[in-house]
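So you know, we letter chains A, B, ... as the sequences are listed, proteins then strands, and number each from 1.
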Amino acid sequence: MLRSVKGLKDILPQQASQWQHIEMVARTMATQYGFSEIRIPIFEFTELYSRSIGGTTDIVEKEMYTFPDRDGSSLTLRPEGTAGVVRAVLEHKLLDSPTARKLFYLGPMFRHERPQAGRYRQFHQFGVEALGTDDPLIDVEVIVLLWQFFLTLGLMDLTLHVNSIGTPDDREVYIQKLKEFLEPRLNILCGNCQRRYLTNPLRILDCKVPVCQKSTEGAPTLINYLSDKSKTHFQAVLDGLSALEIPYSINHRLVRGLDYYSRTTFEITSPHLGAQSTIGAGGRYDGLFHALQGPPTPAIGFAVGLERVTLLLSEEISSKKVPLFFVAGFGVIGKPQAFKLLHELRQAGIRADTDHKGKTLKALLRSADKLRAEYAIILGDDEVNSENAILRNMQTKAQEIVKLKEIIQRIQTGY
RNA sequence: GUGGGUGUAGCUCAGUUGGUUAGAGCGCCGGGUUGUGGUCCCGGAGGUCGCGGGUUCGAAACCCGUCACUCACCCCA
């Protein structure tokens, strides 16, 4: 049997209403906060991602779906949204906005990872980007939008972690100090961390191996090595969150994985998801525009993993109930007449359906029941001969005989 | 890329120390009601026991291999 590709999932009709609900909340809230939707391509030139995300990150090194175009140029399915948004903003010169340029997107991303709970090879993100200002209040706005988005969906027990990882200059000083601290303990760290010591020492801070966690206790914290400017910015963000009574916890071990992040970083976790507990995360990326040969432009954004959100939502999302009228037509003249009536009902804007397989009235009513129709319209040869139809309320079993010609009017006025 | 767990009907799962025709519940189809659904009663369809090889008189079960799914590491949303 033909199967879907590993790590890809079908969203079946049962679940689709849940997705529609999440997407509706995302669009509504982003719009309320002053963000406009942008729709960017699913693939870009590979160079865009290798230059923005960082050449030594796992995403670029081994997780991208990269393939040659027919002319030989290298293309990549987007592994995240920020790079494409920034590219589009630069290409279409969207930065001359008097205020910050605030954009949001919604759609699939692709990373070739080993699938597991809450992690897929094609997954969906809702993300926002606020471009062109480094006022700490825009940081607050973005974080609050993320927080409120989850609250609006009804998610429980969430934790907002915030941190500042400083500017690249700040980090250089700090990493030096961190390495000095770790050097005497290097031989007791896990194998991964020994490697990280050389490639990305910051990551050792959020290693889950107990030995490593213990070894980094008492390590110098990045906060103490921030420049005055970064420190002031971070404090202003915290004050802004407090003023709006958004609960947060400062997490000095919170390090973002993509190279373009700087200063404010944040993520929201849930304790109900197993290993992949982060449902939304983001941060400031003041250096990204420059890396993509644009004018220096401060920016901040977040991305939400929508599959993880669906795992936290209860199954049932009650969609608005539009009553369904089931046309039960049978018999030599009843069936064709019923098909015509079905067409007329739909043209009148009435939600209507039938079951072409059902031959007997019994089978038809059973189908009506399975489709959870509110009403059945029974139309057999007898009814057609007398130019009537029977309108049956499936819940109360109440039936009334209605003139065929008047049935649409009867439905539109009475129900 | 590394490690663990699991593969039996459309779905969820039983299946005894290896034993003869592989089961249940739900779902599906039909009958009980020649033109009235859900509940109830009765019946039916549906299976290469993931796949390949081996051990054995005999394998869904034991062994080896392989594939798939899944969880975790890694990484990240």
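For B/G31 and B/U21, the P atoms lie 34 Å apart once the distance is rounded to whole Å. Between B/U33 and B/C41, the two C1' atoms lie 13 Å apart (nearest whole Å). B/G4 and B/G15: their C1' atoms are spaced 25 Å apart (whole Å). A gap of 11 Å separates the C1' atoms of B/U55 and B/C64, to the nearest Å. Look at the P atom in both B/C11 and B/G27: the space between them is 15 Å, to the nearest Å. Between B/A9 and B/G50, the two P atoms lie 8 Å apart (nearest whole Å). Comparing the same atom, C1', in B/U70 and in B/G58 gives a spacing of 34 Å after rounding to whole Å. Using atom P as the reference point in both B/U39 and B/C71, the two lie 34 Å apart (nearest Å).
Nearest-nucleotide positions on RNA chain B for A/Ala363 and A/Glu80 put A/Ala363 closer to the 5' end. The nearest heavy atom of RNA chain B to A/Gly118 and to A/Asp369 marks one nucleotide each, and the one closer to the 5' end goes with A/Asp369.
Using a 3.5 Å distance cut-off with no hydrogens or angles, the side chains of A/His233 and A/Asp134 do not pair a donor with an acceptor. A donor-acceptor pair shorter than 3.5 Å cannot be found between the side chains of A/Thr76 and A/Glu44.
Among the protein residues, A/Phe302 comes within range of no part of the nucleic acid, since none of its heavy atoms lies under 4.0 Å from any strand. As judged by a 4.0 angstrom heavy-atom cut-off over every strand, A/Leu306 is placed among residues making no nucleic acid contact. Base contact: A/Ile390 has a heavy atom under 4.0 Å from a base atom. Across all strands shown, A/Ala368 has no heavy atoms under 4.0 Å from either base or sugar-phosphate atoms. Heavy atoms of A/Phe326 sit nowhere under 4.0 angstrom from any nucleic acid atom.
To the nearest angstrom, C1' of B/C76 lies 17 Å from CD of A/Gln122. Note: CG (A/Leu311) to P (B/U70) measures 12 Å, nearest angstrom. To the nearest angstrom, P of B/C75 lies 14 Å from CZ of A/Arg308. Residue A/Glu383 contributes atom CD, which lies 12 Å from atom P of B/G35 at whole-angstrom precision. The OH atom of A/Tyr285 sits 15 Å away from the C1' atom of B/A77 (whole-angstrom rounding). Between the CZ atom of A/Arg111 and the P atom of B/G1 there is a distance of 19 Å, rounded to whole Å. Rounded to whole angstrom, the span from the OH atom of A/Tyr261 across to the P atom of B/C75 amounts to 16 Å. Taking atom NZ on A/Lys357 and atom P on B/C28, their separation rounds to 11 Å, with Å as the unit.
Using cut-offs of 30° and 60° for the angle between ring planes, the A/Trp19 and A/His124 rings count as perpendicular.
Among the nucleotides B/G37, B/G35, B/C75, the one closest to the side chain of A/Lys362 is B/G37. Distances from the side chain of A/Leu361 to the nucleotides B/A77, B/G35, B/A72 place B/G35 closest. In this structure, the nucleotide among B/C69, B/A77, B/G37 sitting nearest to the side chain of A/Thr278 is B/A77. Across B/G37, B/A77, B/C73, the shortest atom-to-atom separation from the side chain of A/Gln276 is found for B/C73. Here B/A77 is the nucleotide among B/G38, B/A77, B/U36 with the atom lying nearest to any side-chain atom of A/Arg119. Relative to the side chain of A/Lys397, the nucleotides B/G35, B/A72, B/G38 differ in distance, and B/G38 lies closest. Among B/A68, B/A77, B/U36, the nucleotide with an atom closest to any side-chain atom of A/Arg3 is B/A68. The A/Ile378 side chain lies nearest to B/U36 when the options are B/C73, B/U36, B/A77.
Residue A/Arg114 places no side-chain atom within donor-acceptor reach of the base of B/C73, judged by atom type and a 3.5 Å distance cut-off alone. Checked by distance alone, A/Arg392 brings a side-chain donor or acceptor within 3.5 Å of a matching partner on the base of B/G37. Between the side chain of A/Gln116 and the base of B/C69, no donor-acceptor pair of N or O atoms lies under 3.5 Å. Taking 3.5 Å as the limit, the base of B/C28 and the side chain of A/Arg366 contain no donor-acceptor pair of atoms between them. Side-chain atoms of A/Glu113 stay outside donor-acceptor range of the base of B/G1, with no qualifying N/O pair under 3.5 Å.
With ring centers used as reference points, A/Phe126 lies under 6.0 Å from A/Phe302. The aromatic ring centres of A/Tyr225 and A/Tyr174 sit less than 6.0 Å apart. In this structure, A/His112 has its ring center closer than 6.0 angstrom to the ring center of A/Tyr65.
A/Pro298 places a side-chain heavy atom less than 4.5 Å from the side chain of A/Arg284. The shortest distance between side-chain heavy atoms of A/Thr269 and A/Ile279 does not fall below 4.5 Å.
The distance from atom CZ of A/Arg410 to atom CD1 of A/Ile407, rounded to the nearest 0.5 Å, is 9.0 Å.
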Subject >> Per-nucleotide pairing state of RNA chain B [Watson-Crick or G-U, under 3.5 Å; [ ] pseudoknot-crossing; | other strand] >> reply: (((((((..((((.....[...)))).(((((.......))))).....(((((..]....))))))))))))....
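Stacking of the aromatic ring of A/Phe330 onto the base of B/G35 is not found under the criterion of centres within 5.5 Å and planes under 30°.
Of the side-chain N and O atoms in A/Lys6, one or more sit less than 4.0 angstrom from OP1 or OP2 of B/C69.
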Original post:
For A/Arg185 and A/Thr216, what are the C-alpha separation, side-chain angles and deciding distance, and is it a side chain to side chain donor-acceptor pair (under 3.5 Å)?
Top reply: CA-CA 9 Å; A/Arg185 299 150 220 257; A/Thr216 52; over 6 Å; no
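A/Ala328 and A/Leu361 get closest at one heavy-atom pair: CB-CD1, 4.4 Å.
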